[in-house]
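Along the sequence shown, the residues carry numbers beginning at 1. Counting starts at 1 for both ligands and their atoms, following the listed order.
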Amino acid sequence: MLKRYALPYGYADLIPFISAETMHLHYDKHYAGYTDKANDELLRLGVDADMQEIVEKRIYNFGGFYNHSLFWYMLKPTGQGQDYPMAETARLIERDFGDYAHFRTTFLDEAKKRFGSGWVWWVIDPITGSTEIINTPYQDFPEMTDYGGKLPLLGIDVWEHAYYLDYHNKRADYVEQVLDNLINWEYIEERVIKAKSLI
Ligand code: MN3
């Protein structure tokens, strides 16, 4: 059975960029919903079910569980930690985007390209090691073959439920505030180091 990952900070720790109300809705309602439905699927299919088949045919609930489980840890409480990429992350960004400013603009532009629900990701190709920014619809995730089997290094949820209470229809503002203020670059650095060790 899948268990919700504990929120690594309090519901109010992302204020003023994300309200406690949004966090309660997002973690208690939406994340719990994906987790419960994914567990219902597991129960219905039985323990002998082929995981590959489960995941491919039931992306929505399993993807919802997986994407959110990553997302909570990609964020840090307001005012804690650093607001810029650390050593290995910065090196990778400079190599593939020239500098952080260009990376940031590319990320924000990609968020605008995603019409409707989905996610924006900075991903690494596990074969070539090159990185890029992509968006995925609904609860799809970068490891899926449709997206070339990439590994997610950083992702932001751009579903309406992630920002509507705080930003109304101003999705670009939400993405910008999260990217500039709430990214847990220490955790992203760990993901970069781990991904590079697999290449
Ligand atoms: Mn969400």
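Side-chain contact check for Phe103 versus Thr106: every heavy-atom pair is 4.5 Å or farther apart. Annotation: side chain of Pro85 is in contact with side chain of Tyr100 (closest heavy-atom distance under 4.5 Å).
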For Leu42 and Phe62, what are the C-alpha separation, side-chain angles and deciding distance, and is it a side-chain contact (heavy atoms from CB on, under 4.5 Å)?
CA-CA 10 Å; Leu42 281 174; Phe62 285 91; 3.9 Å; yes

Which pairs would a plain distance check flag for residues 4-15, meaning a side-chain donor or acceptor within less than 3.5 Å of a matching protein atom at least two apart in sequence or in another chain?
residue	atom	partner	partner atom	Å
Arg4	NH1	Tyr27	O	3.2
Tyr9	OH	Trp72	O	2.7
Tyr11	OH	Asp28	OD1	2.7
Asp13	OD2	Gly10	N	2.7

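Annotation: side-chain hydrogen bond (donor to acceptor under 3.5 Å, both in side chains) contacts involving residues 117-131, sequence neighbours excluded, comprise Asp96-Thr131, Trp119-Gln139, Trp121-Thr136, Trp122-Thr131, Thr128-Ser130.
For the Mn ion (ligand 1), the nearby protein N/O/S atoms, meaning those under 2.8 Å, are His26 NE2, His68 NE2, Asp157 OD2, His161 NE2.
Legend: residues meeting side chain to side chain contact (heavy atoms under 4.5 Å, CB included) with Ala87, ordered by chain and number and at least two apart, are Arg91, Glu189.
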